[in-house]
Amino acid sequence: MNSDATLDIAIIGGGIIGICIAAYLAEAGRNVTIFDRTGICEETSSGNAAALAFSDVLPLAQKGMIRHLPKWLADPLGPLSIPPAYLPKLLPWLIRFWRAGRNDRYEASLGAQAGMMRLAEAEWAGLMARSGTTNMLREDGSLELYESEAEFKASLPG
Ligand SMILES: Cc1cc2nc3c(=O)[nH]c(=O)nc-3n(C[C@H](O)[C@H](O)[C@H](O)COP(=O)(O)OP(=O)(O)OC[C@H]3O[C@@H](n4cnc5c(N)ncnc54)[C@H](O)[C@@H]3O)c2cc1C
């Protein structure tokens, strides 16, 4: 990495990730230019639910997850869609994903994710304070809804 602070840094993509990276680099004295095909935060970063979900730390790879695969793949509105031709290429990753759901690995992922969220929350609060946007934050909790009693009960371990 070049330590010459006068060098320009180009960031392709001005979503929340790109602009946070740009803010940190600018604070570190770098000269940053963001390029985006549409505009700053005009794609996914403008169309989300705007929840700062730092408590959402449950890893996706968990025991039993793979059981749901056939049902999800068969449902056109399901959360997962894999083009059949892509499946052989994806298979090694799917196997790793399945193994990551084993109890010991699950606990390790959970610990790692919780640690990252603690760091993210602290960094985020600092970034909001420094950018003068803290007044845009509402801290009034959240309401979680489940479609059935069974779905609610299934979520209780988490
Ligand atoms: C429906 C929905 C609800 C969500 N709700 C939440 C929530 O409540 N809380 C939460 O934390 N997260 C939520 N998320 C996730 C969150 O919105 C995304 O993780 C986040 O916005 C991703 O930011 P990003 O900067 O990585 O991507 P993006 O916001 O997609 O930014 C990428 C940018 O790159 C640009 N780009 C792409 N290709 C090129 C190119 N070739 N040249 C130039 N520019 C390019 C795009 O124009 C875009 O502006 C939600 C997501 C969705 C879809």
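By convention here, the first residue in the shown sequence is residue 1. Scope of the values below: all heavy atoms of this structure, side chains included, with no hydrogens, waters or symmetry mates. Each ligand, and each atom within it, is numbered from 1 in the order the structure gives.
- A side-chain donor-acceptor contact under 3.5 Å links Ser148 to the backbone of Glu151.
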Going by atom type alone, with no hydrogens or angles, which donor-acceptor pairs under 3.5 Å involve a side-chain atom of residues 88-95 and a protein atom two or more places apart or on another chain?
none

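- Here OG1 of Thr33 is found 11.0 Å from CG of Leu25. Values are rounded to the nearest 0.5 Å.
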Cut-off 3.5 Å, no hydrogens considered: what does the side-chain donor-acceptor table look like for residues 104-119, sequence neighbours left out?
| unit_1 | atom_1 | unit_2 | atom_2 | d |
| --- | --- | --- | --- | --- |
| Asp104 | OD2 | Arg102 | NH2 | 3.4 |
| Ser109 | OG | Arg105 | O | 2.9 |
| Gln113 | NE2 | Val57 | O | 3.4 |

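- In terms of protein heavy atoms, atom 18 (C) of ligand 1 is closest to Thr44 CG2, 4.1 Å.
- Ranking the protein heavy atoms by distance from atom 27 (O) of ligand 1 puts Ser45 OG, 4.2 Å first.
- For ligand 1, the atoms lying closer than 4.0 Å to a non-hydrogen atom of Ile17 are 23 (O), 24 (P), 25 (O), 26 (O).
- Nearest to atom 34 (O) of ligand 1 among the protein's heavy atoms is Gly13 CA, 3.2 Å.
- Among protein heavy atoms, the minimum distance from atom 1 (C) of ligand 1 is reached at Gly47 O, 3.9 Å.
- Given atom 40 (C) of ligand 1, the protein heavy atom at minimum distance is Ile12 CG2, 4.2 Å.
- Summary of contacts: the protein heavy atom closest to atom 13 (C) of ligand 1 is Asn48 CB, 3.7 Å.
- Phe152 and Leu58 sit in two unconnected hydrophobic clusters of ILVMFWY residues. Membership requires side-chain heavy atoms under 4.5 Å apart, directly or through other members.
- For atom 47 (O) of ligand 1, a protein heavy-atom neighbour is present inside the 4.0 Å cut-off.
- Taken together through direct or relayed side-chain contacts under 4.5 Å among Ile, Leu, Val, Met, Phe, Trp and Tyr, Tyr146 and Trp72 form parts of separate hydrophobic clusters.
- Protein heavy atoms are found less than 4.0 angstrom from atom 30 (O) of ligand 1.
- Atoms CG and CG, from Leu80 and Leu60 in turn, are 10.0 Å apart once rounded to the nearest 0.5 Å.
- For atom 11 (O) of ligand 1, the nearest non-hydrogen atom from the set Ser142, Ala51, Ala50 belongs to Ala51.
- Atoms CD1 and CG, from Ile82 and Leu87 in turn, are 5.5 Å apart once rounded to the nearest 0.5 Å.
- Within a 4.0 Å radius of atom 15 (C) of ligand 1, the protein has no heavy atom.
- The protein heavy atom nearest to atom 36 (N) of ligand 1 is Arg37 NE, 3.7 Å.
- Near Thr38, with a cut-off below 4.0 Å to any heavy atom, the atoms of ligand 1 are 47 (O).
- Closest protein heavy atom to atom 49 (O) of ligand 1: Asp36 OD2, 2.6 Å.
- Under the 4.5 Å side-chain heavy-atom criterion for Ile, Leu, Val, Met, Phe, Trp and Tyr, Tyr86 and Phe97 are members of the same hydrophobic cluster.
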